[in-house]
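Shown next, in structure tokens, is the structure this report addresses.
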Amino acid sequence: MAESLGPNPKISYYSALGDETLIDLVAQMNSDALSELYDRHSGLVFNVALKIVNDKSTAEEITLDVFTRVWYKAGTYRTGRSKVISWLAGITRNRSIDVLRQRKLPLQQLEVTWAMPSSDNPLVIDGPEKTAELAFQREHVRRAVAQLPDNQQEALALAYFKGYSHSEIAQILDQPLGTVKTRIRLAMQKLRDLLHEKEFIN
Amino acid sequence: MSNDAHILNLLPAYALECLDKDEHTLVSEHLTRCPACQNELGAYLSVADRLALAVPVVSPVPDNLKRQLTERVQASSQTTHPPSPQKSWRHSLKSLFVWQPTRGWSVATLALILVLATGNLLLWRQLRRSSDGPQLRGMQTLSLVNTQVDADANGVLIISSDSEYGSLVVENLPLLNSEQRYQLWLIQDKKLDSGAIFSVDAHGYRATEVNAPDSLGNYSAFTITIEPAKGSVQPTGPEVLTSIGFSLQSSQ
């Protein structure tokens, strides 16, 4: 729900709607609903794309592609599997990694820069989030990732942001394949337990 | 380590799509016949979906991007989505959902659903997700879930109240080549009857009549496999959609 209250002349009908309602409206070709979704989530989409492809103009193109896809494919979103923001992030990641693979770049190391948790109130809205709920979700995921050992965060980042396989990660990190497999498995198991505990997994 | 334990250990990486090719193939094949692993995978897919929330949002989105999106959307709306009289279609179909069909009307109702569903994918999707339902009075609906294809693939069987007639609607199934078709199987104990052979359009969408040698109420499960273009006597290809809790592999 909209977090800004009071006499804000820019509050519109759509800003008070939930993401899933907006997706339903987009599926009915409602461009105002798409506009609201864009306002809410383009920041995350753009930054995920930028994190992966490391190029602003490419990240812009990917952001446009993602929301264009939302326009055409909103009807494919399934309530219950994931929240809308996660669905958007998944589309963004897949599109970004496809672009990376088309470039056929050599394997490259990546500085691990998962966002750090806020030091105090988890409801601090630290970016373009329009809702406290989204800020809350982001903070919980950040805190969960922050609980992973550095080597697990590193392996996870290479898998998630670069789409590298086990073998490729092992080569980049100069670690045994079995070690890399274990780190990723343990990282995901830990995150599953932490996020499930916080009832973010449906 | 047993094979199942080995597969379970690979599921987290499968959700991240970072398995090497041979292991990816191994897990994919296993998932087509293991509901337990499918369920376990779901939890890891949820984790993978949420990882993006941990990305720092530090770079502002360029201002001109929204204008470009607006232009794209407006251009597409003018060419592919003219103002539609869907409201009247929706009203017509919705009236069926509150109408109590007698036996004599079952065939006509199902035929009408087929005609409307065939002609209007968007309407079908709206109805499926509408807050009312679909509440098809006097009819049974059975969901078919995907086993290995596009995560958005799904299907619905609509069966008349007397179980004599049925319609199948699927969406987001992958397009097949010209030598293949999807085939619907109706399962009763270990006996399988063919219910339909069909292809899908570019959206992976198809609505078709179900032809059953027996009353549809006598079948306990339904599944869709990929078969040669003329169909098969028995399933030979992979399962793509199945009634919940069923798999060909475990039934044999």
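Note on naming: letters A, B, ... go to the chains in the order of the sequence lines (proteins, then strands), and numbering restarts at 1 for each one. It should be emphasised that the depicted structure is a prediction, and the values quoted were computed from it without experimental measurement.
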Exercise for review: Taking the side chain as every heavy atom from C-beta outward, state whether B:Leu51 and A:Leu156 have any pair of such atoms under 4.5 Å apart.
Suggested key: yes
Study note, to complete from the structure: Honestly, the part of A:Arg93 sitting under 4.5 Å from a heavy atom of chain B is side chain
Revision key, fill the gap. Distance col, row A:Tyr72:OH vs B:Arg72:CZ, nearest 0.5 angstrom, shows 9.0 Å
Exercise for review: Check whether any side-chain heavy atom of B:Asn9 lies under 4.5 Å from a side-chain heavy atom of A:Thr182, and answer yes or no.
Suggested key: no
Check your understanding: Just by modelled atom types, is the B:Val55 backbone N or O under 3.5 Å from a matching donor or acceptor in the A:Arg142 side chain?
Key -> no
Study note, to complete from the structure: Value for OG (A:Ser165) from CG (B:Leu16), rounded to nearest 0.5 Å, stands at 12.0 Å
Review point. After noting the C-alpha distance and the side-chain angles of B:Arg50 and A:Ser86, does the key distance pass the side-chain hydrogen bond (donor to acceptor under 3.5 Å, both in side chains) rule?
Key: CA-CA 5 Å; B:Arg50 284 164 178 76; A:Ser86 300; 4.7 Å; no
**Study point:** Residue A:Phe67 versus chain B: region with a heavy atom under 4.5 Å
**Key:** both
Check your understanding: Given side chains that start at C-beta, do those of B:Cys18 and A:His166 come closer than 4.5 Å, heavy atoms only?
Key -> yes
**Study point:** salt bridge (Lys or Arg N to Asp or Glu O under 4.0 Å) involving B:Glu23 - partner list, sequence neighbours excluded
**Key:** A:Lys181
Exercise for review: Answer with side chain, backbone, both or neither: which region of A:Ile97 has an atom nearer than 4.5 Å to a non-hydrogen atom of chain B?
Suggested key: neither
**Study point:** Closest contact, heavy atoms only, A:Val145 versus B:Ala54
**Key:** CG2-CB, 4.2 Å
Review point. Which pair of non-hydrogen atoms, one from A:Glu60 and one from B:Pro62, has the smallest distance, and what is that distance?
Key: OE2-CG, 3.2 Å
Exercise for review: Mind checking side chain to side chain donor-acceptor pair (under 3.5 Å) for A:Arg95 and listing every partner two or more places apart, or none if nothing turns up?
Suggested key: A:Asp65
Practice item. Determine the sole option in A:Val48, A:Leu44, A:Leu195 for which the side-chain contact (heavy atoms from CB on, under 4.5 Å) test with B:Leu53 is passed. Key: A:Leu44
Review point. For A:Leu64, is it the side chain, the backbone, both, or neither that has a heavy atom closer than 4.5 Å to a heavy atom of chain B?
Key: both
Exercise for review: Counting only heavy atoms closer than 4.5 Å, note whether A:Leu34 contacts chain B via side chain, backbone, both or neither.
Suggested key: side chain
Check your understanding: Taking atom CG of B:Asp63 as the centre, does the number of heavy atoms from other residues, nucleotides or ligands within less than 6.0 Å exceed 12?
Key -> no
Review point. Nearest heavy-atom pair of B:Ala15 and A:Met188: which atoms, and what distance?
Key: CB-CE, 4.4 Å
Exercise for review: Write out, in numerical order, the residues from residues 64-71 of chain B with a heavy atom short of 4.5 Å from a heavy atom in chain A.
Suggested key: B:Leu65, B:Lys66, B:Gln68, B:Leu69
Point to revise | Non-hydrogen side-chain atoms of A:Tyr38 and B:Val61 separated by less than 4.5 Å | key: yes
Study note, to complete from the structure: Residues passing the side chain to side chain contact (heavy atoms under 4.5 Å, CB included) test with A:Ala49, sequence neighbours excluded, are A:Ala59, A:Ile62, A:Thr92, A:Ser96
